[in-house]
Protein chains: 2
Amino acid sequence: MQEQLVFRAISDPTRRSIMAMLASGERSLNDITAHYEMTRPAVAKHLKILEQGGLISVRAQGRERLHRLQPDALKTVADWVNFFSQFWDEKLENLKQAVELDNE
Amino acid sequence: MQEQLVFRAISDPTRRSIMAMLASGERSLNDITAHYEMTRPAVAKHLKILEQGGLISVRAQGRERLHRLQPDALKTVADWVNFFSQFWDEKLENLKQAVELDNE
DNA sequence: TTGACATGAAACTGTATGGTTTCCTATAAA
DNA sequence: TTTATAGGAAACCATACAGTTTCATGTCAA
């Protein structure tokens, strides 16, 4: 999975909104589309880009295809932001590093 | 500052690379351009987008204009990622919240 | 005060992106 | 075994975006 695909995926507000929606559970394409004022193919394209970024996965259930959030893909972004966080909050940074060491 | 402008700014690999470069200190446009295989106006446009996202600031010094990283703007991204981090690491999440409370 | 240098700005180009409409396929249910 | 429903795919369109070339502006130094 290319790092760039994650950053590309989260760059669009509609896609970030879809991610927030999926945080509460799996949803079908029609289900998601109902929340937006755009056509189904448009939403399907957004979902494709989220999938390419590894941020969601899809499983077929009958004639539906349920989309599920895969938040682990955001670790790429978290790591990137974390590098810069040292410049704004060393205390938080140090604590996070301690936690990560503790997790190993 | 629109949240979207930050996400847009960090969506491009060249711009993320420029941010990494500025982490080590202020640099002029010519200085930055020397590290890339693109023209000066192209780099200037990237810098403009980073500035619009609040991620860098610019100060004139003689005929140079020095670009400086403003990492605080990344808090917007950090907060957004942090919302999802609860799904992958509750322990880290709880600790970070504790730190934030401690900072108040 | 002229020349060199650092940058800004405008005009232009090709491609990526977000959206549409239209049509096709597959599954569930009557 | 039709019919309605869920989704996929192709063709198309307008605009945004990343890049270029060219020219103008401002400042330092000789």
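Proteins come first, then strands; the chains are lettered A, B, ... in the order of their sequence lines, and each starts at number 1. Values below: every heavy atom of this structure, side chains too, minus hydrogens, waters and symmetry copies.
Summarising the geometry, the separation between CG on B/Asp31 and P on C/dT7 is reported as 9 Å, rounded to the nearest angstrom. For A/Glu51 and D/dG8, the CD to C1' distance is 13 Å, given to the nearest whole Å. For the pair B/Gln61 CD and C/dT7 P, the interatomic distance rounds to 11 Å; values are reported in whole Å. What separates CD of A/Gln4 from C1' of D/dA18 is a distance of 13 Å, to the nearest Å. Taking atom CD on B/Glu37 and atom P on D/dA18, their separation rounds to 18 Å, with Å as the unit. Here the P atom of nucleotide D/dG8 and the CZ atom of A/Arg65 are 4 Å apart, to the nearest Å. The CG-P distance, from B/Leu29 to C/dA9, rounds to 12 Å in whole Å. A/Leu47 places its CG atom 9 Å from the P atom of D/dG8, with the value rounded to the nearest Å.
Nearest-nucleotide mapping onto DNA chain C: of A/Met38 and A/Arg8, the residue sitting toward the 5' end is A/Arg8. Comparing A/Gly62 and B/Leu66 along DNA chain C, the residue whose closest nucleotide (by nearest heavy atom) sits nearer the 5' end is B/Leu66.
In the set C/dT7, C/dT17, D/dA18, D/dA18 carries the atom at the smallest distance from any side-chain atom of B/Ile49. Nearest nucleotide to the A/Lys45 side chain, out of D/dA18, D/dG7, C/dT20: C/dT20. In this structure, of D/dT20, C/dG18, C/dT22, it is C/dG18 that holds the atom nearest to the side chain of A/Asp12. Nearest nucleotide to the A/Pro41 side chain, out of D/dT20, D/dA18, D/dA9: D/dA9. You'll find that the side chain of A/Thr39 is closest to C/dT21, out of D/dT20, C/dT21, D/dG7. You'll find that the side chain of A/Arg40 is closest to D/dG8, out of D/dG8, C/dT7, D/dA6.
Side-chain atoms of A/Leu74 and A/Met19, non-hydrogen and from C-beta on, do get closer than 4.5 Å to each other.
The shortest distance between the side-chain N/O atoms of B/Asn30 and the OP1/OP2 oxygens of C/dT7 is below 4.0 Å. Residue B/Arg15 places none of its side-chain N or O atoms closer than 4.0 Å to OP1 or OP2 of D/dC17. Here B/His46 does not reach the OP1 or OP2 of D/dC17: none of its side-chain N or O atoms lies under 4.0 Å away.
Distance alone, capped at 3.5 Å, places no donor-acceptor pair between the A/Arg15 side chain and the A/Ile10 backbone. No donor-acceptor pair closer than 3.5 Å links the side chain of A/His67 to the backbone N or O of A/Val58. The closest donor-acceptor contact from the side chain of B/Glu64 to the backbone of B/Arg27 lies at 3.5 Å or more, if one exists at all.
Classification of the B/Phe87-B/Phe83 ring pair by plane angle, with boundaries at 30° and 60°, yields perpendicular.
For D/dT5, its base sits under 3.5 Å from the side chain of A/Arg63 at one donor and acceptor pair at least.
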